[in-house]
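Worksheet: the structure to be examined is printed underneath.
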Amino acid sequence: VSNAQQASENLGHASSSDKRAALQAILRLSASAVQELKDIEDLRNAVAHARDYARTDKELNAFIKRMSLAQSWIRKVSALVGGGALAGDPALEADDRIQEN
């Protein structure tokens, strides 16, 4: 069982910030990757707490960007946890911000 698979099993009920910290430690993420996950967490918090998150065109564009980032990270982490190769789907291609163990 890989570190990523063990983390997946243990993080099911963790907070989003704890999940980000675990991914950062396990995958040795770059600063830009960690910032993307923080942006996704901010989006999650805004939606979960029914805050306004797309009142202006600028905020709507930020929302769309964060949703795309979230989808990309879900596919990447799912491929890593599932043992799938990061090839084929452009969203799953090797990411130099992630250093697999």
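Worth knowing before you read on, the calculation uses all heavy atoms, side chains too, and leaves out hydrogens, waters and symmetry mates. Heads up: numbering here begins at 1 and tracks the sequence.
Counting only distance, with no hydrogens or angles, the side chain of S68 and the backbone of I64 share a donor-acceptor pair below 3.5 Å.
The distance from the CE atom of M67 to the OG atom of S72 is 12.5 Å, given to the nearest 0.5 Å. The CG atom of N45 sits 5.5 Å away from the CD atom of E41 when rounded to the nearest 0.5 Å. Here the CD-CZ distance, from Q35 to R20, works out to 9.0 Å after rounding to the nearest 0.5 Å. Between atom CG of residue L27 and atom NZ of residue K76 there is a gap of 11.0 Å, rounded to the nearest 0.5 Å.
Looking only at side-chain heavy atoms (C-beta outward), L29 and L37 come within less than 4.5 Å of each other. Using a 4.5 Å cut-off on side-chain heavy atoms (C-beta onward), I40 and R44 make no contact.
The heavy-atom pair separating L43 from R66 by the smallest distance is CD2-CB, 3.7 Å.
Under the side chain to side chain contact (heavy atoms under 4.5 Å, CB included) criterion, I74 pairs with S78, not counting sequence neighbours.
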